[in-house]
Amino acid sequence: MRIHVWCLSLAAVVGSGLSTGARAAETAKIGAALSMTGAAAVYGATQKAGIQLAVEEINRSGALKGVKLEALVEDDGSTKEQGINVYQRFINRDRVSAIIGPTLSTTATAADPIAQASRVPVLAISNTSPTGITDIGNYIWRVSLTEKQVIPGALRRAKAKLGFQTAAVLYGNDDVFTKAGYDVMKVALQEEGVKVLGTQTFAKTDRDYNAQLTALLAHKPDVLMLSALADNGSAIVIQARQLGYKGPIMGGNGLNSPAFVKNGGPAAEGALVGTSWNAVSTDPVNQRFIAAMKARGVSPDQFAAQAYTGVYVIAEAIKLAGYKAGREDIRAGFAKVKNLDTPLGRFSFTPSRDGQHEPALQQVKGGKFVILQ
Amino acid sequence: MIAALQELFLTYQSALGFVGINGLLALSVYATLSCGQLSLANAGFMAIGAFASALLTQHTALPFAAVLAVAALLPALVAVPLGLPVLRLRGVFLAIATIGFGEVVRLSFVNWDYTNGALGLVGIPQRTTLPVVYLLLAAAAFLFWRLRGSRFGYALEAIREDEAVARTLGIDSTAYKLGMFVLGAGLAGLAGALDAHLTFMVAPSGFGFGRVVEMLVYAVVGGITSFIGPVVGAAFLTLLPEVLRALGELLGMEAGPLRLFLNGAILLAVILFLPHGLASLPRLLRRWRERRKGAALAA
Amino acid sequence: MGQQIVNGLFLGSIYALFALGYTLVFGVLDILNLAHQAVFMLCAFLALTLVSVAHVHILLALPLATAAAGLVGVVVERAAFRPLRGRADSNVAGLISSLAVATIFESIALGLWGPDVSRFPLGTVPERQLHLGGAVVQELQLVIIGIAVVMVLGLTFLLQRTRLGRQIRAVAESGFAARVLGIDVDRVIALSFFISSALGGTAGVLFGLAFNSISPDVGRSVELKGLAVIIVGGMGSMPGAVIAGFGLGLVETFTVARFGSSYRDAVAFAVLFLVLLVRPRGLLGQAATRIA
């Protein structure tokens, strides 16, 4: 029984592989390696929605003069092994022109080198680790801002507005995203002359933060700094408020999600979030994106915005390469992308192939994010 | 045709590498299962081997063979002082103690700045090749094959059947159990090094409770009556998500929870209906065919 | 200081409830039921759905969801454990079988509710606070500690004073002897699973209410701690599970207060390790080894 299944799939794989070549001239295939199951499944779901929306819009508008985009979404299971397998399929079997993703930085450090070696451009849309991503090679590009590009400016503005002198820090130390965020926060706090009275950690799977918060709040800090993802973040603010903390709470990119506001409820009011997607920007491109996502029944978050932007960046690269959609064309096109209007703002690549656009500082007011000037 | 086969190979070359590495991991768990000990420490040993090998590659100019040797020896050395007290425990208690060890190792790496905590070590050059993986797997399999009919092998079986009786027969069960525990640690460390040098990186998140459970499942699903079972189980379960992915494409299935569901369902089916694992399938098929023949003759 | 004691007791009550179900099944069947945490999770989701979609009051949703969890436990026993009962490798096979069931349940939860973290709608439980000598105590926390204590007392009463309890203890001692004595072992085991899963389910709902955070993988974090609790308390001992549960909650909380949170989990496992090496039967476990 098992043997028959194996033979069947072998035949299918070979068969569809043989028929791949014919359509390449008209269709630009983009392989989307996303976490649809496993630890990062929350992000993969909205990323997929963002990507599919962008692909539909671009194809419908005919802006690429005859080149049609096709997004192939595969699940990397939030593990590096499946991530690698998915990349191999995209590169060797599906012959994609570019890969978008993967969701997690750890998967990226394992899979991107393969794309680099095979000269397939990769556009990271949610990897925020400062090292190990774009420094893999010149085929690896990034849309998502690292916390290093977001937090220092956000902190400066927050301090100017609220004037805090001391801080207590709580961060997730077992997740690349939040650990990298903490590293940046530590330096930024020092540079702004804010004294750190205490630091505590938590693990991604924790739900109870009372012990850590009680220890931190005993120091009576002026501000509570969080480097956490939305799930942990919402529970943390609730528990902090329950313990009687009335001061400001500030976090990084991880809190920039409707889930944070929804789950945090009244406890999330007033929280400051340094973010790479200004959800309330009145920029028409952003408003159109939000409306289109809502029309599909998906609450847009930062991951969706970055994924959507990623596809538009790829489309722009194709355009700049003369409406050609081969692997080299897209890579050359990336190098030329400048000041593209996206929901994230005006986007360009830095010389080191990282993303660049204006980050924002937001505050939760009345159950919504508003911009803090 | 050649181009299609080439494409097939390129697409699945990493998967084949994982099959070999998981085969080694399954054998590492089998090492202790073969003498009746349910040890779940091997994710921790794998982590030690993986990180040690990555550090050596990044900071020294040692040849790969030497790096692999250290990756196997270091966990083996750690296994000795760990095994002596821990192997006194029976059954589920040993399992839980070893799970605890694995978690402590993982948490240590998460908190260790030298190895970048949660991010781990990245940019490791790819020194693992398919021939190396399968050579080492074959060597490990060969080792177990030789153990099978030997006095060592019989001693292990005796300990597995009933340790108290084995001891009355003069078998030093502690020494044998420790030996297999150390062997398992070495194999796991070796697999960790191969994995680190295949996937360009090593991070603590890959060595949690889930990982050691995976190894156990490879071994049990394959069947633990002989060393072939774990290797078969590893191959089957490593390729299963990819087979389901290919099938899913054929059937228009969306990526998502259904694959996870099928993984669990297949595991349950194998456990319930194939007590001796997948490796016992040929034997069962033969017996079934013979019974049918017998029935036909009798009719 | 007082606040940390409150934190520790509260955390401990959740651990204790979770561990009770775990240790009951181990005591009776000698099997580690890794599906326990999945039932914990499913029950939380079920209660959440009852409250947010069917607008059932939480006071009714809790017992309903708990009963459902119990039934799920019976099904799990029938489907995944009973077929393995005669087998020589039933410990390992049971472990893996329960693991497969946990995976299946997790995929069902992912399919039905998605990977997002959900919370009970605001206002499900009143958010009143009490101030006890410098410490802030949520009314909800007291209720949860109270429910945990009541369930422990109820379970102890059941096991010590009722016929069913005697039968469960008999089967835990020796399934074979119990059968010889005319006890319907199958029924007893099924009921044990019902009780165990109901306990785990209750823990799940309370957890969801307490921490406002329900997701398909919520059981995994508690699972390993639960293991530590039942070992330290003694496999198969209910009072042991309770004491160890509260104990672990307090130890973890004070470790964080004194040394910082990075070492919290390591301390839990270090204690586990020490207990296993020095006194494997735990605080209150049986000293005699069971005859296979």
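A, B, ... follow the sequence lines: proteins, then strands. Residue 1 opens every chain. Since this is a predicted model, take the numbers as computed values, not measurements.
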Going by an N to O cut-off under 4.0 Å, is there a salt bridge joining A:R93 and B:E242?
no
With respect to chain A, which residue among B:I124, B:V122, B:L10 yields the maximal number of heavy-atom pairs within a distance under 4.5 Å?
B:L10
With a 4.5 angstrom heavy-atom cut-off, is it the side chain or the backbone of B:N22 that approaches chain A, or both, or neither?
neither
Please determine, among A:D183, A:I136, A:D135, A:V176, the option with the most heavy-atom pairs under 4.5 Å with chain B.
A:V176
Between B:P241 and chain A, with a heavy-atom cut-off of 4.5 Å, which part of the residue counts as in contact: side chain, backbone, both or neither?
side chain
Heavy-atom distance under 4.5 Å to chain B: side chain of A:T201, backbone, both or neither?
neither
For B:R245 and A:D75, indicate whether the former's side chain and the latter's backbone hold a donor-acceptor pair under 3.5 Å.
yes
About how many Å separate CG of A:D112 and CE of B:M201, when rounded to the nearest 0.5 Å?
11.0 Å
Does atom CZ of A:R119 have more than 12 heavy-atom neighbours from other groups under 6.0 Å away?
no
Would B:V110 and A:K179 count as a side-chain contact (heavy atoms from CB on, under 4.5 Å) here? Give the steps.
CA-CA 10 Å; B:V110 165; A:K179 170 76 171 36; over 6 Å; no
Side chain, backbone, both or neither: which part of B:S14 has an atom under 4.5 Å from a heavy atom of chain A?
both
Quick one: what part of B:A15 sits under 4.5 Å from any heavy atom of chain A, side chain, backbone, both or neither?
both
Which atoms of A:S129 come close to chain B, meaning under 4.5 Å heavy atom to heavy atom: side chain ones, backbone ones, both, or neither?
side chain
Evaluate B:S205 against A:T106 for side-chain contact (heavy atoms from CB on, under 4.5 Å), listing each step before the verdict.
CA-CA 9 Å; B:S205 54; A:T106 17; 4.2 Å; yes
Given that the side chain runs from C-beta out, which part of A:D175 has a heavy atom under 4.5 Å from chain B: side chain, backbone, both or neither?
backbone
Verify the neighbour count for atom CD of B:Q58: are there more than 12 heavy atoms of other residues, nucleotides or ligands below 6.0 Å?
yes
As a quick check of understanding, evaluate side-chain contact (heavy atoms from CB on, under 4.5 Å) for A:K80 and B:F200, giving each step before the final call.
CA-CA 10 Å; A:K80 63 178 184 180; B:F200 308 97; over 6 Å; no
Ignoring hydrogens and angles, state whether a donor on the side chain of B:E7 or A:N92 is under 3.5 Å from an acceptor on the partner side chain.
no
What part of A:I114 gets closer than 4.5 Å to chain B, counting heavy atoms only: side chain, backbone, both or neither?
both
Looking only at heavy atoms, what is the nearest atom pair of B:D195 and A:E81, with distance?
OD1-OE2, 3.9 Å
B:F18 and A:I84 have their tightest heavy-atom pair at CZ-CD1, 3.8 Å
Return yes if a side-chain donor-acceptor contact under 3.5 Å exists between B:T11 and A:Q88, otherwise no.
no
Considering non-hydrogen atoms only, spot the tightest contact between A:T131 and B:L119 and give its length.
OG1-CD2, 3.9 Å
